[in-house]
There are 2 protein chains.
Amino acid sequence: MEKVDRRVKRTHRLLGEALIALALEKSYDDVTIRDITERADVAYITFFRHYQDKNDLLTKLLQEMLDELERLTHEDNRATEGLLIFQHVQQYAAMYQMVLSSESTLPVRRRIRDSIAAHLIAVCTPLRNVADEMDVPLEIIAHHKAASLLALIEWWLEHNMPYPLERMAEIYNRLILDSVMHLIC
Amino acid sequence: MEKVDRRVKRTHRLLGEALIALALEKSYDDVTIRDITERADVAYITFFRHYQDKNDLLTKLLQEMLDELERLTHEDNRATEGLLIFQHVQQYAAMYQMVLSSESTLPVRRRIRDSIAAHLIAVCTPLRNVADEMDVPLEIIAHHKAASLLALIEWWLEHNMPYPLERMAEIYNRLILDSVMHLIC
DNA sequence: TATCTTTTGATAGTCAGTATAACATAAGTA
DNA sequence: TACTTATGTTATACTGACTATCAAAAGATA
């Protein structure tokens, strides 16, 4: 645990808070770096002393959020997986909305998708028998599951969460988990 | 059938060809409007006399391509649906790659997705019995199918089409169509 | 072919937003 | 207190989108 200069810590916090607040007011894409530094009461140039660009800041903000989800779903109690995911999404709804609705966050969205897919591959590879030539490749199944989950989350958020998270978890189980499991086992 | 000035027709063609050629050389996002007009040997300002911005040009290029797909899948012979789709994607691979891999085409991607979803809803609504409260809502199923299809296409293109289109059609049937049909009927 | 209409081109300029340099000052650390 | 590091100020370069104006060229029409 290295000590970080209090000023650095404060700058990071101020810039992060400013970005989130501004992205909620207008849209992520419309937020300029000047907006962020002015809202944070920080010099413009200071932004570039800490981050390469706006996406870099967003990515770092997202990191711990995703780590937390990773920790939650790692225990992998298949019965509650959907519940945990949608609880988490509801908790960080603003952040997810930001990532899923803005034009310029494709790399971030890709990283989320790929990490979900990689997780499934890691879990399933040892379980799977010798690959049948006729089977759907595991890599494609994993990609499909990850993309479907993100699409479901996106739908929920874009429609302002019309169903409670418990219902979404159930839908997730039927729509995605069941059909994926059917193909794997 | 209205007559279009030959100059207009020529300008449209030149700008469209230039965008596609340039997007293949670098990436769509890195292509500037000045690039396009220079490649097309057309005055910079002329671009704005025809299109609002780069995405507007792309959208109009995409339109007829999608109309063609719509026509093909409208007859909806479920057995050959996957085959038709992946034939079409292979034929227009460059365009699909452009749309699916660039950061700034989220609106275009959304439109494709939503039109696929709308089609499924139109086809299935009359077939479906009174909605069971426990069922997965048709709207979500449609959104899921559209997003999954796009994800599968994306995977195929990003990995440089490692399987022939016939195999992809088969995967599409098992991974997406079967599970969706299972939930609808 | 002559006339009229529309499109195009050249030029110059505005604007927003990103990014960097140099030096002075303030805040934190030990 | 002395030293180190982060921050602020100011000025500047640069890219790319977008517009205005006026002259010239190409096409449509009769």
Side-chain angles (χ1 to χ4, degrees), chain A residues 1-61 98 101-108, chain B residues 1-61 98 101-108:
Chain A
M1 200 77 187
E2 352 158 357
K3 256 188 193 171
V4 276
D5 194 308
R6 179 182 295 166
R7 289 168 297 186
V8 173
K9 199 176 145 200
R10 176 173 53 101
T11 300
H12 283 176
R13 181 176 53 78
L14 289 172
L15 290 174
E17 287 172 359
L19 173 59
I20 293 173
L22 287 163
L24 287 174
E25 292 171 19
K26 22 187 178 178
S27 82
Y28 174 81
D29 294 313
D30 289 342
V31 176
T32 67
I33 293 174
R34 178 138 273 134
D35 286 338
I36 299 172
T37 55
E38 260 163 30
R39 174 66 62 97
D41 266 317
V42 153
Y44 179 71
I45 197 180
T46 298
F47 182 93
F48 297 98
R49 289 176 171 136
H50 295 273
Y51 304 104
Q52 284 205 320
D53 51 36
K54 209 173 54 165
N55 266 1
D56 187 30
L57 169 55
L58 176 64
T59 299
K60 275 160 185 163
L61 283 175
M98 197 186 308
S101 72
S102 77
E103 298 190 12
S104 53
T105 53
L106 186 65
V108 180
Chain B
M1 204 76 187
E2 352 160 355
K3 257 188 192 170
V4 276
D5 195 309
R6 178 181 296 166
R7 289 169 295 185
V8 173
K9 199 177 145 197
R10 176 173 52 98
T11 300
H12 283 177
R13 180 177 53 78
L14 288 172
L15 290 175
E17 287 172 358
L19 173 59
I20 292 174
L22 287 163
L24 286 173
E25 291 172 19
K26 20 187 179 177
S27 82
Y28 174 80
D29 294 314
D30 290 343
V31 177
T32 67
I33 291 174
R34 179 140 271 134
D35 287 338
I36 298 172
T37 56
E38 260 163 31
R39 174 67 62 98
D41 265 317
V42 153
Y44 180 71
I45 196 179
T46 298
F47 181 93
F48 297 100
R49 287 176 173 137
H50 295 273
Y51 305 103
Q52 284 205 321
D53 50 36
K54 210 174 51 167
N55 266 1
D56 188 29
L57 169 55
L58 176 65
T59 298
K60 275 159 186 163
L61 284 175
M98 196 186 309
S101 71
S102 76
E103 298 190 12
S104 53
T105 53
L106 185 64
V108 180

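Just so it is clear: chains get the letters A, B, ... in the order the sequence lines come, proteins before strands, and each one is counted from 1.
If you take CD1 of A:I33 and C1' of C:dT20, they are 13 Å apart, rounded to a whole angstrom. Across the protein-nucleic acid pair, A:D29 atom CG and C:dA16 atom C1' stand 16 Å apart, rounded to whole Å. Atom pair A:L14:CG and D:dG8:C1' shows a separation of 15 Å (rounding to whole Å applied). Note: CG (A:D56) to P (C:dT18) measures 14 Å, nearest angstrom. Per the geometry, OH belonging to A:Y51 stands 10 Å off P belonging to D:dT7, to the nearest Å. Nucleotide D:dA17 holds its P atom 8 Å from the CG atom of B:D35, rounded to whole Å. Distance B:F47 CZ to D:dG16 P: 15 Å, rounded to the nearest Å. Between A:Y28 atom OH and C:dG17 atom P there is a gap of 15 Å when expressed in whole angstrom units.
Distances were taken from every side-chain heavy atom of B:T32 (C-beta onward) to each of C:dG17, D:dA17, C:dT8; the shortest belongs to D:dA17. The side chain of B:T11 has C:dT8 as its nearest neighbour among C:dT8, C:dA19, D:dC18. The side chain of B:A43 lies closest to C:dG9, out of C:dG9, D:dA17, D:dG8. Counting only heavy atoms from C-beta on, A:F48 has its side chain closest to C:dT20 among D:dG16, C:dT20, C:dT7. In this structure, of C:dA22, C:dT18, C:dG9, it is C:dA22 that holds the atom nearest to the side chain of A:R49.
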**Prompt:** Going 5' to 3' along nucleotides 23-30 of chain D, which nucleotides have protein heavy atoms under 4.0 Å from the base (write B), which only from the sugar-phosphate (write S), and which from neither (write -)?
**Reply:** --BBSS--
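Side-chain contact between B:D35 and B:K26 is present, with at least one heavy-atom pair separated by less than 4.5 Å. Annotation: side chain of A:V8 is in contact with side chain of A:H50 (closest heavy-atom distance under 4.5 Å).
Under a 3.5 Å cut-off, the side chain of B:K54 and the backbone N or O of B:Y28 do form a donor-acceptor pair. Of the possible donor and acceptor atoms, one in the side chain of B:N55 sits under 3.5 Å from a partner among the backbone N and O of B:S104.
Residue contacts shown for A:I45 include a base, since a base heavy atom lies under 4.0 Å away.
Along DNA chain D, the nucleotide nearest B:D30 and the nucleotide nearest A:Y44 are compared for position; the residue whose nucleotide lies closer to the 5' end is A:Y44.
Here the closest non-hydrogen pair linking A:F47 and A:T37 is CB-CG2, 3.8 Å. Of all heavy-atom pairs between B:R39 and B:A18, the closest is CG-CB, 3.7 Å. In terms of heavy atoms, A:A40 sits closest to A:L14 at CB-O, 3.6 Å.
Checking the phosphate oxygens (OP1, OP2) of C:dG9, a side-chain nitrogen or oxygen of B:T46 falls inside 4.0 Å. Side-chain nitrogen and oxygen atoms of A:H50 include none within less than 4.0 Å of the OP1 or OP2 phosphate oxygen of D:dA6.
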